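All values below come from the heavy atoms of this structure, side chains included, with hydrogens, waters and symmetry mates left out. Residue numbers start from 1 in every chain, and the chains themselves are labelled A, B, ... in the order their sequence lines are given, proteins ahead of strands. Everything numeric in this text was worked out from a predicted model, so none of it was measured.
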Number of protein chains: 2
Amino acid sequence: MTTRERPTLEAVARRAGVSRATVSRVVNGSTTVAATIREAVTRAVDELGYVPNQAARSLVTQRTDSIALILPETANRVFSDDLFFPAIIRGVGTELEAADKQLVLMMTGSEAGHHRVERYAVAGHVDGVMFASIHGADPLPGALARRGIPVVCSGRPMNAGTPVPYVDVDHAGGVAAAVRHLIATGRQRIATIAGPQDMVAGIERLAGYTGTLREAGRPEIVVAGDFTRESGIEGMRALLAREPSLDAVFVASDLMAHGALLALREAGRRVPDDVAVIGFDDFEISRYSDPPLTTVRQPIAEMGRTLARQMLRLVGGGTELPEPVVLPTELIVRDSA
Amino acid sequence: MTTRERPTLEAVARRAGVSRATVSRVVNGSTTVAATIREAVTRAVDELGYVPNQAARSLVTQRTDSIALILPETANRVFSDDLFFPAIIRGVGTELEAADKQLVLMMTGSEAGHHRVERYAVAGHVDGVMFASIHGADPLPGALARRGIPVVCSGRPMNAGTPVPYVDVDHAGGVAAAVRHLIATGRQRIATIAGPQDMVAGIERLAGYTGTLREAGRPEIVVAGDFTRESGIEGMRALLAREPSLDAVFVASDLMAHGALLALREAGRRVPDDVAVIGFDDFEISRYSDPPLTTVRQPIAEMGRTLARQMLRLVGGGTELPEPVVLPTELIVRDSA
DNA sequence: GTGAAAGCGCTAACAG
DNA sequence: CTGTTAGCGCTTTCAC
């Protein structure tokens with residue numbers, strides 16, 4: 001390994017026969033530099049392989065041009081075959097790349113991880129922090145915001161304290177469409193496997209189910225899951241044990257819906273003949289499951305893009321907070337209902 | 001948002017009635033500070049919510065205490081239901097956390113991304129760079145190493161140029177075990193759906209297949225895939241068209257194997273009665289597919305841990321390069337073969 | 001055991 | 001249009 005000394009601005013300046021200030025101007029794209037000098041500097045930069053020292057630069061500019069995206073989950077959850085995070089990341093990445101900002105991903109499954117992220121951001125490693133999802137009344141977004149660090153969230157924060165801009169989707173609306181579809185196709189006993197009630201997505205999807213059924217004067221049959229396939233399997237078994245006569249189930253995530261399909265097969269029920277199933281997310285699995293899942297599509301990449309745009313406005317010196325954004329959802333009908 | 005001014009060392013020093021040097025000592029855990037003073041400083045730090053400015057600190061220490069893990073893929077590939085990357089990340093995360101280093105994830109699906117990572121590292125944003133996988137003869141690891149930046153790779157680099165420490169698994173050994181299992185259970189015409197031939201994993205798994213069959217004097221039947229489920233479906237269809245009499249197939253990844261299962265069902269072949277299928281990876285899907293897949297398990301999290309340990313040795317001032325490490329693989333027999 | 005002082009490498013006024 | 005100068009906030013000798 002060639003532990004070559006990194007050249008400094010000074011070295012480039014000497015080589016090009018100009019002052020450090022001029023080199024700095026060229027490197028930062030100032031237009032007020034004579035063409036010949038600019039060229040000489042550029043050549044010196046190339047020859048030396050000069051790259052500005054980020055620490056020195058940040059020290060004076062107070063910027064790093066990189067932005068953190070926090071995945072408040074363990075690696076297993078982040079990368080399950082649930083493609084929520086990838087889609088968010090893709091959307092965020094697209095916008096940030098266009099703005100020439102570096103995206104830094106951080107996973108914080110643990111309490112300790114939370115603290116490290118806070119220090120990381122406060123220490124000035126990044127110019128702003130985006131949350132890819134929010135659990136319960138997570139205090140971190142508010143804490144960072146109070147520290148003066150630009151913060152935006154994907155998913156409405158349940159925490160009322162410090163206002164933080166966010167982007168979310170119309171969970172309840174999508175669920176209502178799903179449940180109405182079930183009612184319209186003649187289903188009588190419509191159950192649900194709900195998501196975790198410490199997340200807005202879990203709460204609002206359940207609310208959508210409850211509200212729509214209540215409106216239609218139908219009974220509610222609810223069990224709770226945690227968005228994992230395993231919990232979908234268990235949830236379906238529990239539902240079947242409690243209400244053997246059910247003929248439809250709205251499952252709050254595709255992964256859980258896939259689990260439900262597995263449990264239904266195990267119990268000898270045909271889908272959709274005996275039991276209709278509708279999921280939520282429109283992940284890949286919903287197209288490859290047997291049968292393919294009717295589900296609710298949410299524009300996740302668009303969420304990511306919106307999130308990034310809000311952040312860019314914030315770090316771009318915008319003084320007022322961006323307004324929250326709620327994106328529409330859409331029922332995708334396949335074979336399971 | 002309270003854009004409160006961040007307190008500096010100076011502010012803490014004034015408040016505690018000591019010099020900046022002393023505050024610095026306390027903050028950095030020096031033992032040569034009187035207990036009473038240390039306490040006064042600590043109190044001042046807490047009251048002011050002081051967090052050291054990372055840029056200023058890095059400028060003098062030449063360290064950032066954070067390390068990058070490069071995922072040289074697009075978001076879609078990184079987070080497919082292929083759980084390779086999550087497992088690597090988990091392993092790396094565990095070790096780094098213990099060493100109090102911050103893990104920074106970066107995805108570089110594009111050419112442009114590659115450049116940005118190089119600049120990012122050379123600019124001193126991180127102390128070292130780990131690659132979670134390697135495509136073809138990627139020049140980036142070598143380029144960074146030549147720049148004097150600590151580099152380690154998961155997957156043997158195909159690039160001979162600059163030597164870079166790496167950790168990999170015994171692909172060929174695992175495949176050989178799989179193929180021998182197929183032979184031992186009486187299969188006659190054993191085909192394979194290979195992985196991409198621009199990656200060591202693809203090449204060596206194919207080599208394991210070819211070598212073992214040749215040794216046994218059996219014919220080789222090969223089609224190429226790219227580790228995606230879709231390519232598994234197509235590969236299996238192609239195989240069936242070309243060699244309708246085949247009775248076994250070794251598929252170079254579980255995701256492709258799942259696709260093969262789908263194609264086999266579509267063609268009316270029973271697994272394992274008509275055709276035996278063995279995958280590679282032991283991802284979650286192999287337990288939930290129908291039937292569950294016989295597959296080759298690789299200790300991915302262990303790879304991640306080893307990778308991190310190599311890196312820590314490097315940034316810890318170790319002068320000599322860590323030796324490459326090759327971890328063992330293991331055949332996991334389930335119902336598909 | 002503690003303080004004073006000298007930079008780390010860069011940018012940003014401010015002159016010229 | 002270019003150079004000089006003054007720091008950004010911190011660590012680290014070196015005296016005391």
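The backbone N or O of Val122(B) sits less than 3.5 Å from a side-chain atom of Arg6(A), completing a donor-acceptor pair. Within the 3.5 Å criterion, the main-chain N or O of Val167(B) finds no donor-acceptor partner in the side chain of Thr306(B). Side-chain atoms of Ser154(A) come within 3.5 Å of backbone N or O of Ala132(A) as a donor-acceptor pair. A distance-only check finds a donor-acceptor pair linking the side chain of Asn28(A) to the backbone of Ser24(A) [under 3.5 Å].
In this structure, Arg25(B) places its CZ atom 8 Å from P of dT2(C), rounding to the nearest Å. Rounded to whole Å, atom C1' of dG9(C) lies 9 Å from atom CG of Leu59(A). Whole-Å rounding puts the Gln62(A) CD to dC10(C) C1' distance at 13 Å. Straight-line distance from the CG atom of Leu9(B) to the C1' atom of dG7(C): 15 Å, rounded to whole Å. Residue Arg20(B) contributes atom CZ, which lies 12 Å from atom P of dG3(C) at whole-angstrom precision. Per the geometry, CZ belonging to Arg63(B) stands 18 Å off P belonging to dC8(C), to the nearest Å.
Taking every side-chain heavy atom of Thr8(B) into account, dC10(D) is the closest of dT11(C), dT11(D), dC10(D). When each of dG3(D), dG7(C), dT5(D) is scored by its nearest atom to the side-chain atoms of Val60(B), the top-ranked nucleotide is dG7(C).
Taking OG1 of Thr22(B) as the reference point, atom CZ of Arg38(B) lies at 11.0 Å (rounded to 0.5 Å). Note: Leu105(A) CG to Met107(B) CE = 6.5 Å, rounded to the nearest 0.5 Å. In this structure, the separation between CZ on Arg25(B) and CZ on Arg20(B) is 12.0 Å, given to the nearest 0.5 Å.
Ser24(B) comes within 4.0 angstrom of a nucleotide base, judged by non-hydrogen atoms across all strands.
At a cut-off of 3.5 angstrom, the base of dG9(C) holds no donor-acceptor pair with the side chain of Arg6(A).
A heavy atom closer than 4.0 Å to some atom of DNA chain C occurs in no member of residues 30-45 of chain A. Contacts with DNA chain C (heavy atom under 4.0 Å) in residues 50-58 of chain B: none are found.
Between Thr22(A) and dG3(D) there is a side-chain polar atom (N or O) within less than 4.0 angstrom of OP1 or OP2.
For the side-chain contact (heavy atoms from CB on, under 4.5 Å) with Asp65(A), the qualifying choice from Gln54(A), Arg57(A), Lys101(A) is Lys101(A), the only one to do so.
Annotation for Leu327(B) and Pro299(B): closest pair CB-CG, 3.8 Å, computed over non-hydrogen atoms.
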